[in-house]
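Data first, discussion second: the structure below is written as structure tokens.
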Amino acid sequence: MKTQAAIVHNRNEAFSIEQVDLRDPLETEVRVKIEACGICRSDLSALEGKETIQFPAVLGHEACGRVEAVGSAVSTVREGDAVILSWTPACGQCPSCLRGNVQLCLEINMTTGGRGPLSQHGQGIDRFMGLGAFCEHIVVPEAMAVPINSSIPPQHACLIGCAVSTGFGAAVNSAKIYPGETVVVLGCGGVGLSAIQGARVAGASTIIAVDPIAQRRAAAGALGASDVLGPDNLVAEIRRLTSGGADCAIECVGSVATMEQCFEMIRPGGRAVVVGLPGYADRLAIPALGLLAEKTITGSIYGSCQPSTDFQKILSLGETGQFNFEPLVDKVRPFREINQGFDDMRKGSLTRVVLAF
Ligand SMILES: [Zn+2]
Ligand SMILES: [Zn+2]
């Protein structure tokens, strides 16, 4: 079929909405009509060359929509189902999937190199993270289209495809926060604000939110942070507020400095969890002696989520008011305003811009 995609032909060029060819789903694939797609910082990183991608490319990996067509062997979704797109193919065959860690699936790819269902004038088009959801329709393996049943509107539900699962899951699944614990969240964008809500749902007694921007700190306070701080004199402030160190610190910034601070600000036996995306060449320097104080530092990808069950769980929390999507979205724009949406982000939008189709 023919459909409309926002193509980037070269790095740092504007998106151009053009007609493209989308082949029919194979046996185990589905075609989804996209309804909403968030603009994630990783999309911007791909444009800036910090992520592997081949041009021409279609970005977009935080989306939801409705299934329009299914291959003959598809069993988990049906035509008409509402779905959130997942960027783990959850192949079911690799060692990670066999252990149940589908977020670590070895088939996850930042780039598909133009080998896929999308083309233009006979030339394959790369789809970022195996999705390429800045497009009216996409074709993906059935495991990447996770069926949902919810009254949460598409401009909110789409965020579960990346930011919300990443942040919420980091607190609940990766950090495994227990009731009564003290938690620090560094960085209060869409991911950090989701981590704060995850910590609250998990029963943290103290949630300290850290961000240099006052409006983000205000959003963090409204979502359940008990204390909000700027970055000044941070480690000492955290130690003071938590009587010696936090049980858990979650880094949602992506900078080496804040990752190292996380390790410093946790108590003996505490956990530092890194969620922010570092650069390829970044290296951490942490005091090795902290390891003998049984401190741990670990990473979290996709919030250690099982999309097939966790997406619906988060939607249910949204329906009962335990998870609030509203502050995570700065602006909803029509798909054709994708370039303005990226400009919003470059100018430092407080949270997310979502494109509605
Ligand atoms: Zn993302
Ligand atoms: Zn796998």
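Only heavy atoms go into these numbers, but all of them, side chains included; no hydrogens, no water, no symmetry mates.
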Keeping the roles fixed (side chain from Gln261, backbone from Val235), state whether a donor-acceptor pair exists under 3.5 Å. no
Close side-chain approach of Val58 to Ile7, heavy-atom, < 4.5 Å: yes
Would you sort out whether His156 and Glu326 count as a side-chain contact (heavy atoms from CB on, under 4.5 Å), showing the intermediate values? CA-CA 8 Å; His156 289 162; Glu326 203 72 49; 3.5 Å; yes
Plane angle bin for Tyr302 and Trp87 - parallel if under 30°, tilted between 30 and 60°, otherwise perpendicular: parallel
Are the side chains of Pro89 and Ile108 in touch, meaning some heavy atoms are under 4.5 Å apart? yes
Separation between CD of Glu251 and OG of Ser300, rounded to the nearest 0.5 Å: 11.5 Å
Transitive ILVMFWY side-chain link Leu22 to Leu59, under 4.5 Å: yes
Any side-chain heavy atom of Leu106 sitting closer than 4.5 Å to one from Ser96? yes
Check whether any side-chain heavy atom of Gln123 sits under 4.5 Å from a side-chain heavy atom of Pro56, and report yes or no. yes
Restricting to non-hydrogen atoms, name the atom on Val146 and the atom on Ser86 that form the minimum distance, rounded to 0.1 Å. CG2-CB, 4.0 Å
Keeping the roles fixed (side chain from Asn109, backbone from Gly130), state whether a donor-acceptor pair exists under 3.5 Å. no
Does the Lys176 side chain pair with the main chain of Asn173, one donor and one acceptor, at a distance under 3.5 Å? yes
Between Gln306 and Gly100 (side chain of the first, backbone of the second, donor and acceptor by atom type, cut-off under 3.5 Å), is there such a pair? yes
Could you tell me the separation between the SG atom of Cys188 and the CD1 atom of Ile196, rounded to the nearest 0.5 Å? 4.0 Å
May I ask you to decide if Thr111's main-chain N or O and Gln54's side chain share a donor-acceptor pair within less than 3.5 Å? no
Minimum heavy-atom separation for His121 and Asp21, please, with both atom names. N-OD2, 4.2 Å
Calculate, to the nearest 0.5 Å, the distance between atoms CG and CG belonging to Leu328 and Leu159 respectively. 6.0 Å
Check whether any side-chain heavy atom of Ile17 sits under 4.5 Å from a side-chain heavy atom of Arg336, and report yes or no. yes
Out of Ile160, Leu317, Ile152, which one pairs with Phe323 under the side-chain contact (heavy atoms from CB on, under 4.5 Å) rule? Leu317
Taking 4.0 angstrom as the limit, do Asp247 and Arg267 come out as a salt bridge? yes
Connected via hydrophobic side-chain network under 4.5 Å: Ile34 and Met1: yes
When you measure from the side chain of Ser194 to the backbone N and O of Gly190, does any donor-acceptor pair fall under 3.5 Å? yes
Does CD in Gln93 sit with more than 12 non-hydrogen atoms of other residues, nucleotides or ligands closer than 6.0 Å? no
For the side chain of Gln197 and the backbone of Asn324, is there at least one donor-acceptor N/O pair under 3.5 Å apart? yes
To the nearest 0.5 Å, what is the distance between OG1 (Thr242) and CD (Glu181)? 12.0 Å
If I compare all heavy atoms of Ala145 with all of Val32, which pair ends up nearest, and what's the gap? CB-CG2, 4.3 Å
Taking C-beta and beyond as the side chain, do Arg271 and Ile266 meet within less than 4.5 Å on heavy atoms? no
Ile208 side chain reached by Thr182 side chain, heavy atoms, under 4.5 Å: no
I'd like to know if Ile301 and Met144 are part of one continuous hydrophobic network [Ile/Leu/Val/Met/Phe/Trp/Tyr, side-chain heavy atoms within less than 4.5 Å]. yes
Between His9 and Glu18, does a side-chain hydrogen bond (donor to acceptor under 3.5 Å, both in side chains) hold up when you go through it step by step? CA-CA 11 Å; His9 288 279; Glu18 297 173 19; 3.0 Å; yes
Does the pair Phe128 and Ser42 meet the rule for a side-chain contact (heavy atoms from CB on, under 4.5 Å), with working shown? CA-CA 10 Å; Phe128 187 44; Ser42 305; 4.3 Å; yes
Rounded to the nearest 0.5 Å, what separates atom CZ in Phe55 from atom CD in Glu13? 9.0 Å
Do Leu277 and Ile53 sit in the same hydrophobic cluster, where Ile, Leu, Val, Met, Phe, Trp and Tyr count as joined when their side-chain heavy atoms come under 4.5 Å apart? no
Carefully, step by step, assess Arg78 and Val67 under the rule side-chain contact (heavy atoms from CB on, under 4.5 Å). CA-CA 7 Å; Arg78 284 182 302 191; Val67 175; over 6 Å; no
Nearest-0.5 Å distance that lies between atom CD1 in Ile177 and atom OG in Ser205: 10.5 Å
Going through the distances and angles, do Ser174 and Thr298 end up as a side-chain contact (heavy atoms from CB on, under 4.5 Å)? CA-CA 9 Å; Ser174 317; Thr298 183; over 6 Å; no
Show the nearest heavy-atom pair for residues Val139 and Arg127, with the distance to one decimal. O-NH1, 3.5 Å
Heavy-atom closest contact (Phe357 atom, Phe134 atom, distance): CZ-CA, 4.2 Å
Within the supplied structure, the quantity of interest is the number of heavy atoms (other residues, nucleotides, ligands) at a distance under 6.0 Å from Gln215 CD; does it exceed 12? no
Sidechain N-carboxylate O distance under 4.0 Å for Lys331, Glu337: no
Between Asp81 and Arg66 (salt bridge meaning N to carboxylate O under 4.0 Å), is one present in this structure? no
May I ask you to check whether over 12 heavy atoms, not counting those of Glu294, lie within 6.0 Å of atom CD? no
Give a yes or no answer on whether the side chain of Thr258 reaches the backbone of Gly254 with a donor-acceptor pair at less than 3.5 Å. no
The residue among Ile138, Asp24, Thr3 that forms side-chain contact (heavy atoms from CB on, under 4.5 Å) with Arg31 is Asp24
Within the side chain of Glu260, is there an N or O that forms a donor-acceptor pair under 3.5 Å with the backbone of Ala285? yes
NZ or CZ of Lys295 within 45° of Phe263 ring axis and under 6.0 Å: yes
Quick check: are there more than 12 heavy atoms from other residues, nucleotides or ligands sitting under 6.0 Å from CG of Leu292? yes
Validation row: Asp43, Phe342 side chains within 4.5 angstrom (heavy atoms): yes
Taking Gln155 for the side chain and Ala36 for the main chain, is one N or O donor matched with an acceptor at less than 3.5 Å? no
Between Cys252 and Gly187, what is the shortest heavy-atom contact and its length? CB-O, 3.9 Å
Quick one: do Val253 and Leu223 end up in the same hydrophobic cluster if we chain Ile, Leu, Val, Met, Phe, Trp and Tyr together by side-chain heavy atoms under 4.5 Å apart? no
